[in-house]
Novice: 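What follows is a single structure, and I will ask about it in a moment.
None of the values given here were measured: they were computed from a predicted structure. No hydrogens, no waters, no symmetry mates; every other heavy atom, side chains included, goes into these values.
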Amino acid sequence: MTDPAAEAARRVAEKIIVCGFGNKLYPSDLLLAAREALAPLKELHKLTRDEYGRPGLICDDCDHDWPCPTARLIYRGDEL
């Protein structure tokens with residue numbers, strides 16, 4: 001399963017280590033930062049819900065079929 005936040009954190013960690021800052025941050029710090037950055041997008045791109053709270057099959061913000069292209073970039077594979 002993919003986790004966009006984990007992949008982003010890995011890419012940043014590789015750059016930080018090259019610059020000599022690797023001993024100042026933990027991988028978990030990077031992962032939390034990446035997930036925090038994605039949080040507002042998750043609020044926009046989520047499943048619709050009917051009046052009974054059941055999930056629909058359309059993205060709430062962009063009206064694409066779920067998962068929309070943006071959701072595929074911001075949700076872990078097991079969240080889709």
Novice: Mind checking the CG-OG1 spacing from Asp61 to Thr48? Nearest 0.5 Å is all I need.
Specialist: 12.0 Å
Novice: Using the test side chain to side chain contact (heavy atoms under 4.5 Å, CB included), find all partners of Arg11 that sit at least two apart in sequence or belong to another chain.
Specialist: Glu7, Ala8
Novice: By the ring-ring contact (aromatic ring centres under 6.0 Å, His included) test, which pairs, at least two apart or in different chains, include something from residues 36-68?
Specialist: Trp66-Tyr75
Novice: Which atoms form the tightest heavy-atom contact between Leu44 and Cys59, and what is the distance?
Specialist: O-SG, 4.3 Å
Novice: For Ala5, check side chain to side chain contact (heavy atoms under 4.5 Å, CB included) against everything at least two apart and list the hits.
Specialist: Asp3, Leu31, Ala34, Arg35, Leu38
Novice: Going from CG on Leu47 to CG on Leu57, what distance comes out if it is rounded to the nearest 0.5 angstrom?
Specialist: 7.0 Å
Novice: Which residue pairs pass the salt bridge (charged side-chain N to carboxylate O under 4.0 Å, His left out) test when at least one of the two sits in residues 39-50, sequence neighbours left out?
Specialist: Lys42-Glu79, Glu43-Lys46, Asp50-Arg54
Novice: For Asp65, what residues pass the side chain to side chain donor-acceptor pair (under 3.5 Å) criterion, not counting sequence neighbours?
Specialist: none
